[in-house]
Amino acid sequence: MKLINVGFGNLVNSDKIIAIVTPESAPVKRMVQEAKSQGVLIDATCGRRSKSVIITEHNHIVLSAISCETIQNRTDESEEQRDE
């Protein structure tokens, strides 16, 4: 299990991440609203604007104030460390 920092000290298990998407599109906005109504939305933005939406294996949705590219770089770095 490798934890990835998604901002402000919040961590997500990188093995459980299915997708990291931007929150601007209408389908993603609907997905976030549905997750909120079902109680599976995790807001890790600390009151800031969401820059990425992380979708996990068990249909939990994590909002992050860090960009998709930054999270991808952190995930790639952790995989490189795991390979060593």
Side-chain angles (χ1 to χ4, degrees):
M1 176 174 77
K2 185 65 179 172
L3 299 174
I4 302 297
N5 184 344
V6 294
F8 310 106
N10 298 300
L11 305 170
V12 173
N13 184 352
S14 64
D15 296 334
K16 304 294 182 183
I17 295 174
I18 294 176
I20 304 170
V21 296
T22 58
E24 283 87 29
S25 70
V28 174
K29 288 179 182 178
R30 279 193 300 271
M31 189 178 357
V32 168
Q33 285 301 321
E34 288 175 15
K36 187 175 184 178
S37 67
Q38 295 173 359
V40 294
L41 179 70
I42 302 166
D43 187 352
T45 61
C46 290
R48 291 174 174 78
R49 185 175 69 87
S50 297
K51 292 185 181 176
S52 62
V53 177
I54 302 167
I55 303 162
T56 65
E57 269 183 9
H58 301 290
N59 295 327
H60 281 80
I61 306 291
V62 180
L63 300 179
S64 175
I66 295 179
S67 70
C68 295
E69 293 81 18
T70 302
I71 296 172
Q72 177 189 4
N73 292 338
R74 291 177 183 182
T75 304
D76 292 343
E77 288 173 6
S78 71
E79 287 178 5
E80 288 174 5
Q81 290 175 354
R82 189 182 311 174
D83 293 339
E84 292 177 355

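Excluded from the calculations below are hydrogen atoms, water molecules and symmetry mates; all remaining heavy atoms, backbone and side chain alike, are included.
Taking every heavy atom of both residues into account, Arg48 and Ala65 meet most closely at CB-CB, 4.0 Å. Listed here is the closest heavy atom pair of Ile4 and Ser14: CG1-CB, 3.4 Å.
Residues meeting the side-chain hydrogen bond (donor to acceptor under 3.5 Å, both in side chains) test with Asp43, sequence neighbours left out: Thr45. Considering only residues two or more places apart in sequence or on other chains, Thr70 meets the side-chain hydrogen bond (donor to acceptor under 3.5 Å, both in side chains) condition with Ser67. For Asp15, the salt bridge (charged side-chain N to carboxylate O under 4.0 Å, His left out) partners at least two apart in sequence or on another chain are Arg82. Listed by chain and residue number, Glu57 satisfy the salt bridge (charged side-chain N to carboxylate O under 4.0 Å, His left out) test with Lys16 (two or more places apart in sequence, or in another chain). For the side-chain contact (heavy atoms from CB on, under 4.5 Å) test, residues two or more places apart in sequence or in another chain that qualify with Ile20 are Ile17, Ser52, Ile54, Cys68, Ile71.
Note on residues 20-29: pairs passing side-chain hydrogen bond (donor to acceptor under 3.5 Å, both in side chains), not counting sequence neighbours, are Thr22-Glu24. Sequence neighbours left out, not one pair with a member in residues 59-69 passes salt bridge (charged side-chain N to carboxylate O under 4.0 Å, His left out). The side-chain hydrogen bond (donor to acceptor under 3.5 Å, both in side chains) analysis of residues 1-10, with sequence neighbours excluded, yields no pairs.
Side-chain atoms of Leu3 and Asn13, non-hydrogen and from C-beta on, do get closer than 4.5 Å to each other.
The other members of the hydrophobic cluster of Val53, by chain and number, are Val21, Val28, Met31, Val32, Leu41, Ile55, Ile61, Leu63 (side-chain heavy atoms under 4.5 Å, ILVMFWY only).
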